[in-house]
Amino acid sequence: MTKPFAIAIHGGAGTILSSQMTETHHQQIVSALETAVCAGYQVLKQGGDALEAVVVAVTHLENSPHFNAGCGSVLTHKEMVEMDASVMFGDQKQVGAIAGVRHIKNPITLARDVLKHSQHVFLVGDGAEEFAFEQGHTYTEQDYFFTDRRYEQLQSMKEKGLFALSESSYPDDKKFG
Amino acid sequence: TVGSVALDQSGNLAAATSTGGVTNKKYGRVGDSAVIGAGTFAENNNVAISTTGMGEAFIRHTVASDVAARMRYLNEEINVACDSVIHGELKNIGGEGGLIAINDKGEIHFSMNSLGMYRASIDLDGNVSVKIYADE
């Protein structure tokens with residue numbers, strides 16, 4: 001008998017206004033969410049563990065330009081991406097976390113590798129990337145993460161001396177995280 | 001920020017969170033996503049949580065571990081524990097955002113004090129749900 005399994009995902013919270021969102025944008029968001037949650041669910045359905053399921057789901061979200069993670073990441077003051085990620089597996093409370101990485105396509109898989117293949121739980125910056133390359137992650141140029149939308153967003157913030165939580169030129173630009 | 005929580009067929013819970021941070025950030029700022037107990041937490045026989053919102057507030061309130069502690073020590077239901085934190089102390093200090101959670105019975109709960117949160121789930125019966133706005 002199959003034991004119960006289930007999954008949930010999120011793509012960020014904040015000021016998301018229906019009045020400013022086009023039907024096309026709405027459909028793209030819904031489609032990306034559905035694809036990600038179904039991918040994670042398939043892992044569970046085939047008997048995979050919860051850790052792999054959440055990593056697969058988040059990897060899909062990181063590969064979508066619609067969310068602030070992976071290829072959709074916002075830009076720092078220096079016009080770079082700088083990403084953070086973490087995973088936790090309830091079985092024996094295993095943990096992996098990374099912060100401030102700039103050249104890793106899927107930060108969540110690096111966090112998982114810290115959990116699985118490191119004696120440590122939290123790696124940052126250049127050291128995290130050094131560990132990533134030892135684990136077989138490929139160097140990803142900043143160009144991969146760069147989008148016109150995020151660049152315009154950054155310029156708007158810079159002009160007003162603000163951070164991401166206080167400006168909006170897209171329907172979900174006040175969305176957090 | 002993006003995140004996921006899951007319960008597998010062996011009864012294990014897991015949580016994952018990933019983010020690009022905030023636009024125009026300086027000084028190597030790190031938010032809650034990478035901080036276990038703030039943005040991410042998973043504890044077998046209890047709950048798994050991933051959060052999204054104003055990272056500094058979520059770190060100050062150790063949001064994810066606070067939800068887990070309420071369920072573990074106060075025996076609160078998943079919806080009560082999540083809403084108590086998100087609509088309680090967090091909101092009171094202006095901490096805007098939300099979280100997703102799943103318990104060891106596979107019950108899923110979304111909680112947010114913002115206008116919306118991109119979210120989706122597939123429950124124990126295989127029902128797919130995709131929502132965006134808070135009032136959905």
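Residue numbers start from 1 in every chain, and the chains themselves are labelled A, B, ... in the order their sequence lines are given, proteins ahead of strands.
Contact detail for A:K93 and B:A42: the closest heavy-atom pair is CG-O, 4.5 Å. Of all heavy-atom pairs between B:I100 and A:A8, the closest is CD1-O, 3.5 Å. Taking both residues in full, the closest heavy atoms of B:G106 and A:A6 are given as O-CB, 4.0 Å, listed atom of the first, atom of the second, then distance. Annotation for B:A16 and A:V87: closest pair CB-CG1, 3.7 Å, computed over non-hydrogen atoms. In terms of heavy-atom proximity, A:I108 sits nearest to B:T17 at CD1-O, 3.6 Å. In plain terms, the two heavy atoms of A:P107 and B:S18 that are nearest each other are CB-OG, 4.2 Å.
Ranked by heavy-atom pairs under 4.5 Å with chain A, the list B:V47, B:N12, B:D125, B:I122 is led by B:I122. Note on B:L13, B:L115, B:V5: by heavy-atom pairs under 4.5 Å with chain A, the leading option is B:V5. Contact count versus chain B (heavy atoms, under 4.5 Å) is highest, among A:I98, A:N106, A:D91, for A:D91. Among the candidates B:A6, B:S10, B:G126, the residue making the largest number of heavy-atom pairs closer than 4.5 Å to chain A is B:A6.
B:K25 is listed as a side-chain neighbour of A:E82, based on a closest heavy-atom distance under 4.5 Å. Counting only heavy atoms from C-beta outward, the side chains of A:V74 and B:V22 never approach each other to under 4.5 Å. Within the 4.5 Å cutoff, no side-chain heavy atoms of B:R119 are placed close to those of A:I9. Taking 4.5 Å as the limit, every side-chain heavy atom of B:N24 sits out of range of all side-chain heavy atoms of A:L75. With a 4.5 Å cut-off on side-chain heavy atoms, B:T19 and A:N68 count as touching. Taking the side chain as every heavy atom from C-beta outward, A:V95 and B:F41 never approach each other to under 4.5 Å. For the pair A:H10/B:S50, a side-chain contact is recorded, criterion being any heavy-atom separation below 4.5 Å from C-beta on.
For B:I102, the part lying near chain A is the side chain, with the backbone staying farther off; criterion is any non-hydrogen pair under 4.5 Å. The contact between B:T51 and chain A is made entirely by backbone atoms, counting heavy-atom distances below 4.5 Å. With a 4.5 angstrom heavy-atom cutoff, B:Y133 touches chain A only via side-chain atoms. Only the side chain of B:V130 comes within contact range of chain A, with at least one heavy atom under 4.5 Å from a heavy atom of that chain.
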Check the pair B:V35, A:S86 against side-chain contact (heavy atoms from CB on, under 4.5 Å), reporting the backbone distance first and the verdict last. CA-CA 7 Å; B:V35 179; A:S86 69; over 6 Å; no
B:L7 and A:I7: CA distance, side-chain angles, deciding distance, side-chain contact (heavy atoms from CB on, under 4.5 Å) verdict: CA-CA 6 Å; B:L7 169 70; A:I7 186 167; over 6 Å; no
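Just one residue in the list A:R150, A:K158, A:Q153 forms a side chain to side chain contact (heavy atoms under 4.5 Å, CB included) with B:T23, and that residue is A:Q153.
At a heavy-atom cut-off of under 4.5 Å, chain B is reached by A:E34, A:V37, A:C38, A:Y41, A:L44, A:K45, A:G47, A:G48, A:D49, A:A50, A:L51, A:A53, A:V54, A:A57, A:V58, A:L61, A:E62 from residues 34-62 of chain A, listed in order of number. Contacts between residues 119-145 of chain A and chain B, defined by a heavy-atom separation under 4.5 Å, are made by A:F122.
Residue A:L154 is grouped with residue A:F146 when hydrophobic side chains (ILVMFWY) are merged at heavy-atom distances under 4.5 angstrom, including chains of intermediate members. Using a 4.5 Å cut-off between side-chain heavy atoms of Ile, Leu, Val, Met, Phe, Trp and Tyr, with links allowed through other members, A:V114 and A:F89 fall into different hydrophobic clusters. Taken together through direct or relayed side-chain contacts under 4.5 Å among Ile, Leu, Val, Met, Phe, Trp and Tyr, B:I86 and B:I93 form parts of separate hydrophobic clusters. In the hydrophobic clustering of ILVMFWY residues, with side-chain heavy atoms under 4.5 Å counting as a link, B:I108 and B:V67 come out apart. Note: the hydrophobic cluster containing B:L74 does not contain B:I78 (ILVMFWY, side chain heavy atoms under 4.5 Å, direct or indirect links).
Heavy-atom neighbours of B:E76 CD from other residues, nucleotides or ligands within 6.0 Å: above the threshold of 12. Within 6.0 Å of CD in A:Q155 there are more than 12 heavy atoms belonging to other residues, nucleotides or ligands. For B:R29, the CZ atom sits in a packed shell: over 12 heavy atoms of surrounding residues, nucleotides or ligands are nearer than 6.0 Å.
Taken to the nearest 0.5 Å, the CD1 atom of B:I49 stands 10.0 Å off from the CE atom of A:M88.
Relative ring orientation between B:Y118 and A:F67 is described as perpendicular, the plane-to-plane angle rising above 60° on a 0-90° scale split at 30° and 60°.
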